[in-house]
Amino acid sequence: MQNKINKWLIIGVVLSLLMMIVGYFLWTILIPIQDFDTLSSLEVRESQRELAINYPLGAFLMNLGFAGFSSTLLALVVRKILTLLNKF
């Protein structure tokens, strides 16, 4: 039973990492911009929203992936600690 749950938690970690990677590529600007250092933070954000592949979906996937990664990793660590404490 524990191996099955650990397997599903590891699959969750991997899937959430993939979601974060895909979300980053959808969120970021893949087109080079000349004089990027001279732009203000507001101008950078506006250009990112205009030039990104799919800015809202990328931001959503990155946030969802981070939340999934954090929760599944926390569950794995807690399960590992509990198994070590049960051995003693």
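Scope of the values below: all heavy atoms of this structure, side chains included, with no hydrogens, waters or symmetry mates.
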Between E46 (side chain) and E43 (backbone), is there a donor-acceptor pair under 3.5 Å?
no
Could you state the interatomic distance from CG (N63) to CE (M19), rounded to the nearest 0.5 Å?
11.0 Å
Give, for atom CG of L76 and atom CD1 of I81, the distance between the pair rounded to the nearest 0.5 Å.
11.0 Å
Determine, using the 4.5 Å side-chain heavy-atom cutoff (strictly less than), whether L64 and I53 are members of one ILVMFWY cluster.
yes
Between atom CG of N6 and atom CZ of R79, what is the distance when rounded to the nearest 0.5 Å?
4.5 Å
Can you name the closest pair of heavy atoms from S16 and G65 and give their distance?
CB-O, 3.3 Å
Following the transitive rule for hydrophobic clusters with a side-chain heavy-atom cut-off under 4.5 Å over Ile, Leu, Val, Met, Phe, Trp and Tyr, establish whether V14 and V77 coincide in one cluster.
no
Please set out all donor-acceptor pairs under 3.5 angstrom arising from side-chain atoms of residues 22-37, sequence neighbours excluded.
none

Going from CG on L61 to CD1 on I21, what distance comes out if it is rounded to the nearest 0.5 angstrom?
12.0 Å
Grouping I, L, V, M, F, W and Y whenever their side-chain heavy atoms are under 4.5 Å apart, do Y55 and M62 come out in a common cluster?
yes
Is M20 reachable from L73 through a run of hydrophobic residues whose side-chain heavy atoms are each under 4.5 Å from the next?
yes
Of the non-hydrogen atoms in G68 and S71, which two are nearest, and what is the gap between them?
O-OG, 3.1 Å
Please name the residue in the list I5, I11, N3 that meets the side chain to side chain contact (heavy atoms under 4.5 Å, CB included) test with K7.
I11
May I ask whether L18 and F60 are part of the same hydrophobic cluster, defined by side-chain heavy atoms of I, L, V, M, F, W, Y residues being less than 4.5 angstrom apart, directly or through others?
no
State whether the number of non-hydrogen atoms from other residues, nucleotides or ligands found under 6.0 Å of F66 atom CZ is greater than 12.
no
